[in-house]
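Before any comments, here is the structure.
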Amino acid sequence: MEVIIRETKADAVSLAAAIIARALRARPNLVLGLATGRTMEAVYELLVRLYEDDGLDFSLARTFNLDEYVGLPPEDPGSYRFYMNKHLFHRVNIDLRNAHLPNGMADDLNAECANYERLIKDCNGIDLQLLGIGRTGHIGFNEPLSAMRSRTRTKALAPETIEQNCPFFKGEPPRRAITMGVGTILECRRCLLLATGAEKADVIAKAVEGPVTAMISASALQLHPKCTVIVDEAAASRLEHGHYYRWVFENEPEWQEYH
Ligand code: GLP
């Protein structure tokens, strides 16, 4: 795991967008894993700007979102399909047939989960997976106690997550979601986790420097051979080894072009 601490949220977001853009330019048919949440809105805003101003081309890209609520149709403003259309898909030249999210309206949810795994395999796996982190330490919707080897499946949301989601729903927020499993995420060739703001400081410290535990799904990323965690100063404030992470970013050749 590499941890990159940027001064502001804007700096952290622009580094994440730059890494994604570089990967897409290097491989136009990139298989890109996408995430939702407030943090990612700023990333998508920058990717849209790169598409409009610098010709960043999504026409051959294939995307797989981490998760979707059970029981919400795509036209529901609370659904992640709606979110993705609004923030990215309808604003760039992606072929919507290649922009995948689990279908939370499927009659047979187990079959839908198995099908999602199959689709990812048919694309030869995910090249780069963008991740946020929830207050419970979840990646995707892998709530506490999600097995390290879990695959795409339905998951009951933790009370804290439901509470966190309340502002996005007029009525009762959904209580279940389909999510890629921790095992599915660990198979992606590269992971990029972005977290900003002081409210993420505790959970970031646990995920990065704490023990690997199913109670904090993001801690499983410590097992991933190529995982980059990008945080702003606020989200990094509880990390104990910040000086070391900063030295690595300043000195490792791989990061020179991003300075
Ligand atoms: C939801 C998503 C997660 C995301 C989290 C963080 O729970 N399912 O994938 O990481 O939101 O959201 P925010 O960026 O709003 O803090």
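Order of listing sets the numbers, starting from 1, for every ligand and every atom in it. When reading the values below, keep in mind they use all heavy atoms of this one structure, side chains included, and skip hydrogens, waters and symmetry mates.
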Pick from Leu66, Thr184, Leu193, Leu192: which one makes a side chain to side chain contact (heavy atoms under 4.5 Å, CB included) with Gln129? Leu66
Show me which atoms of ligand 1 lie under 4.0 Å from any heavy atom of Thr36. 2 (C), 4 (C)
In the protein, which heavy atom is nearest to atom 12 (O) of ligand 1, and how far is it? Gly37 CA, 3.8 Å
Note the single closest protein heavy atom to atom 8 (N) of ligand 1, along with its residue, its atom name and the distance in Å. Asp67 OD2, 2.8 Å
Side chain to side chain donor-acceptor pair (under 3.5 Å) assessment of Glu2 paired with Thr228: CA-CA 5 Å; Glu2 299 161 302; Thr228 305; 3.0 Å; yes
Below 3.5 angstrom, do we get any N/O pair linking Lys200 and ligand 1? yes
Mind checking the CZ-CE spacing from Arg38 to Met40? Nearest 0.5 Å is all I need. 12.0 Å
What protein heavy atom sits nearest atom 9 (O) of ligand 1, and how far off is it? Gly140 O, 3.5 Å
For Thr39, the ligand 1 atoms whose distance to one of its heavy atoms is below 4.0 Å: 13 (P), 14 (O), 16 (O)
Which residue and heavy atom of the protein sit nearest atom 2 (C) of ligand 1, plus the separation: Tyr80 OH, 3.5 Å
Knowing that exactly one of Ile20, Leu56, Val13 qualifies, which makes a side chain to side chain contact (heavy atoms under 4.5 Å, CB included) with Leu46? Val13
Nearest to atom 5 (C) of ligand 1, what protein heavy atom do you find, and at what distance? His138 NE2, 3.9 Å
Assess the residue pair Arg6 and Asp232 against the criterion (salt bridge (Lys or Arg N to Asp or Glu O under 4.0 Å)); give the C-alpha distance rounded to whole Å, side-chain angles, the decisive distance to 0.1 Å, and a yes or no. CA-CA 5 Å; Arg6 308 306 283 145; Asp232 62 359; over 6 Å; no
Could you tell me, atom by atom, which parts of ligand 1 come under 4.0 Å of a heavy atom of Gly132? 10 (O)
Could you state the interatomic distance from CE (Met180) to CD (Glu117), rounded to the nearest 0.5 Å? 8.0 Å
With a 6.0 Å cut-off on ring centres, are Tyr258 and Phe249 close enough? no
For ligand 1, which part of Ile133 has a heavy atom less than 4.0 Å away: the side chain, the backbone, both, or neither? backbone
If the plane angle is over 60° it's perpendicular, under 30° parallel, otherwise tilted; pick one for His87 and Tyr83. tilted
Would you check the N or O atoms of Arg38, main chain and side chain alike, for any that come under 3.5 Å of an N or O of ligand 1? yes
